[in-house]
Amino acid sequence: MDIYGILAFPAHHSLSPAMHNAGFKTLNLNAQYKTFEVPENKLKAFIKDVRKKRIKGLSVSKPHKQEIMPLLDMVDPTAEEIGAVNTVYWENDKLIGTNVDWIGVEQALLETTFIEGKDIVILGAGGAARAAIYALKENQAESITVLNRTLDHAKELANEFICNYGNLEEFASVSPDIVIQATSAGLNKKEGVEIIPGDQLTDTMVVMEMIYTPRNTRIIRDAQKAGAQTITGERMLLHQGAAAFSLWTSQKAPFAAMEKAVESELS
Ligand code: NDP
């Protein structure tokens, strides 16, 4: 049986096992997707094990997305540019790291809106924001502005990718077509956290959230109230998951089955 899994710490909250196992079942593949909850000081030993046991593929999440890079045989140019690995696969005898988070951002947006020609604000300046910038640049966004709690982090990112930056407070002075919520504020908090004032959202905006637990975060509720179009976090999860699935199995991911599994976990 082929073994895959999510490598993270903590990892128990992940929807990836349900999503990928539904995909394997639908295609009748002799494969299982597990949860590998590995602390930082055990990462090196775990990767040795991946090689020894020939684990077929990994999804990589916090806190390992950067630390795993030097432990692989190769990191592809996309992951190099984003600066993080979120998917690992074998190519012949080489363990390769790539990043498909950007495909998740791209496809989740394209379900609802064009990206080309749009003015876009990203809230947050961490790894997920980096993947978002990559997706927006690939799709010819008109302008990209990174707003972040810590200004220096926004500045660093904006200088690297050549885009605009500012504090979260500066949201009041920009009027974007699309807002991407890429901070971790409010993760796992049912009542949510206000990242920008809800009354600054308008019905002309598309608001995309990356957090999927809870599904209806504060910004999603505020955006709905304002009449904006909304994209919830599981759309990104599903699209990056489908991209990883195809890479691992060389088969088209059974998207509807994977979507059904995620929906059922969330409801
Ligand atoms: P990082 O830890 O790299 O970055 C976290 C970001 O959130 C930083 O910009 C940080 O700001 C900001 N932040 C944290 N707490 C607060 C707060 N209370 N108020 C304002 N800003 C805050 O995380 P990632 O970029 O890897 O992930 C971001 C989110 O995206 C996570 O919630 C993650 O679960 C989600 N995600 C979802 C995916 C999906 O498939 N749906 C895929 C990948 C990520 P500062 O610089 O000031 O510290």
Side-chain angles (χ1 to χ4, degrees), residues 6-20 40 59-68 79 82-87 98-109 111 121-135 145-158 160-161 163 165-171 179-189 191-197 207-220 230-245 253 258-259 262-263 265-266:
I6 170 86
L7 164 64
F9 192 86
H12 55 268
H13 62 281
S14 176
L15 296 183
S16 293
M19 174 172 73
H20 286 296
E40 279 159 285
S59 310
V60 185
S61 193
K62 270 186 178 179
H64 302 307
K65 283 183 165 182
Q66 270 109 36
E67 286 67 18
I68 198 172
I82 294 172
V85 159
N86 93 317
T87 301
T98 187
N99 191 311
V100 295
D101 271 341
W102 76 274
I103 298 176
V105 176
E106 174 191 67
Q107 295 302 311
L109 282 171
E111 284 180 334
V121 163
I122 300 173
L123 307 174
R130 297 177 72 92
I133 295 177
Y134 186 92
T145 305
V146 177
L147 302 181
N148 194 46
R149 177 178 64 177
T150 308
L151 187 62
D152 274 354
H153 295 168
K155 185 178 175 184
E156 216 172 285
L157 191 55
E160 188 180 332
F161 286 95
C163 43
Y165 69 94
N167 280 127
L168 291 170
E169 291 68 34
E170 286 174 51
F171 190 81
V179 182
I180 300 176
Q181 197 311 97
T183 78
S184 48
L187 181 64
N188 294 327
K189 286 196 184 124
E191 67 289 357
V193 165
E194 189 181 72
I195 302 148
I196 48 165
V207 177
M208 173 176 164
E209 170 65 278
M210 287 196 183
I211 291 173
Y212 55 79
T213 43
R215 186 186 227 170
N216 287 316
T217 60
R218 178 69 185 264
I219 200 169
I220 289 292
T230 55
I231 303 167
T232 44
E234 82 285 355
R235 302 312 300 170
M236 175 178 172
L237 174 81
L238 275 163
H239 285 290
Q240 66 78 32
F245 189 100
M258 293 164 77
E259 185 176 35
V262 167
E263 287 293 328
E265 290 287 311
L266 282 172

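In each ligand, atom 1 is the first atom listed, and ligand 1 is the first ligand listed.
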For this session: State the atoms of ligand 1, each with its element, that fall below the 4.0 Å cut-off from a heavy-atom position in Ala185.
Result: 16 (C), 17 (C), 18 (N), 19 (N)
Exercise. To the nearest 0.1 Å, how far is atom 4 (O) of ligand 1 from its closest protein heavy atom, and which atom is that?
Worked result: Gly126 CA, 3.5 Å
Exercise. Where does Met210 meet ligand 1, judged by heavy-atom distances below 4.0 Å: at the side chain, the backbone, both, or neither?
Worked result: both
Exercise. Hey, is Ile211 one of the residues with a heavy atom under 4.0 angstrom from ligand 1?
Worked result: yes
Problem set entry | Identity and separation of the nearest protein heavy atom to atom 31 (C) of ligand 1 | Ser184 CB, 3.8 Å
For this session: Would you indicate whether Glu170, at its atom CD, is surrounded by more than 12 heavy atoms from other residues, nucleotides or ligands within a distance under 6.0 Å?
Result: yes
Exercise. Just wondering, do Leu109 and Ile231 contact through their side chains at under 4.5 Å, heavy atoms?
Worked result: yes
Exercise. Considering distance alone, does some N or O of Tyr212 sit under 3.5 Å from an N or O of ligand 1?
Worked result: no
Exercise. Thr150 side chain to Asp152 main-chain N or O, any donor-acceptor pair under 3.5 Å?
Worked result: no
Exercise. Can you list the atoms of ligand 1 that are under 4.0 Å from a heavy atom of Thr150?
Worked result: 45 (P), 46 (O), 47 (O)
Seminar exercise, completed: atom 2 (O) of ligand 1 has as its nearest protein heavy atom Lys62 NZ, 2.9 Å
Exercise. Could an N or O of ligand 1 be found under 3.5 Å from any N or O of Ala125, whether backbone or side chain?
Worked result: yes
Exercise. Is a salt bridge present between Glu263 and Arg215, judged by a nitrogen-to-oxygen distance below 4.0 Å?
Worked result: yes
Exercise. Taking 4.0 angstrom as the limit, do Arg149 and Glu169 come out as a salt bridge?
Worked result: no
For this session: Using distance alone, with no hydrogens and no angle criterion, decide if Thr217 and Glu209 have a side-chain donor and acceptor under 3.5 Å apart.
Result: yes
For this session: Ignoring hydrogens and angles, state whether a donor on the side chain of Glu106 or His239 is under 3.5 Å from an acceptor on the partner side chain.
Result: no
Problem set entry | Non-neighbouring partners of Tyr134 that pass ring pair (Phe, Tyr, Trp, His ring centres under 6.0 Å), sequence neighbours left out | Trp102
Problem set entry | Proximity to ligand 1 by part of Thr183, non-hydrogen separation under 4.0 Å | both
Exercise. With only distance considered, is Gln240 within less than 3.5 Å of ligand 1 through an N or O on each side?
Worked result: no
Exercise. For ligand 1, which atoms, with element, lie under 4.0 Å from some heavy atom of Ala128?
Worked result: 24 (P), 25 (O), 26 (O), 27 (O), 28 (C), 30 (O), 44 (C)
Exercise. Would one find an N or O of Asn148, backbone or side chain, under 3.5 Å from an N or O of ligand 1?
Worked result: yes
Exercise. Would you say ligand 1 has an N or O under 3.5 Å from any N or O of Ala129?
Worked result: no
For this session: For ligand 1, find out whether one of its N or O atoms is nearer than 3.5 Å to an N or O atom of Lys65.
Result: no
Exercise. If you count the atoms of ligand 1 from 1 in the order shown, which ones are under 4.0 Å from a heavy atom of His153?
Worked result: 45 (P), 46 (O)
Problem set entry | Within-cut-off N or O pair, Gly233 and ligand 1, under 3.5 Å | yes
Seminar exercise, completed: Heavy-atom nearest pair, Met236 first then Ala108, reads N-CB, 3.9 Å
For this session: Could you see which bit of Arg130 sits under 4.0 Å from ligand 1, with heavy atoms only: side chain, backbone, both or neither?
Result: neither
Exercise. Considering only heavy atoms, which of Arg149, Gln66, Glu234 lies nearest to atom 20 (C) of ligand 1?
Worked result: Arg149
Exercise. Which pair of heavy atoms, one from Ile211 and one from Ala185, lies closest together, and at what distance?
Worked result: CD1-O, 3.4 Å
Problem set entry | Any protein heavy atom nearer than 4.0 Å to atom 33 (C) of ligand 1 | no
Problem set entry | 4.5 Å side-chain heavy-atom contact, Ile195 and Leu168 | yes
Exercise. Is the closest basic N to carboxylate O distance between Arg130 and Asp101 below 4.0 Å?
Worked result: no
For this session: Check each atom of ligand 1 against the heavy atoms of Gly124 and keep those under 4.0 Å away; list them by number with element.
Result: 9 (O)
Problem set entry | Heteroatom proximity flag, Val193 to ligand 1, N/O under 3.5 Å | no
Exercise. Are side-chain heavy atoms of Tyr212 and Leu15 found at a separation under 4.5 Å?
Worked result: yes
Exercise. Any side-chain heavy-atom pair from Ile196 and Ile219 closer than 4.5 angstrom?
Worked result: yes
Exercise. Counting only heavy atoms, which portion of Ala182 has something under 4.0 Å from ligand 1: side chain, backbone, both, or neither?
Worked result: backbone
Seminar exercise, completed: shortest atom 3 (O) of ligand 1-to-protein heavy-atom contact is with Gly127 N, 3.1 Å
For this session: Report the nearest protein non-hydrogen atom to atom 42 (C) of ligand 1: residue, atom name, distance rounded to 0.1 Å.
Result: Met236 CE, 3.5 Å
Exercise. So, do Thr98 and Asn86 sit near enough that their side-chain heavy atoms are less than 4.5 Å apart?
Worked result: no
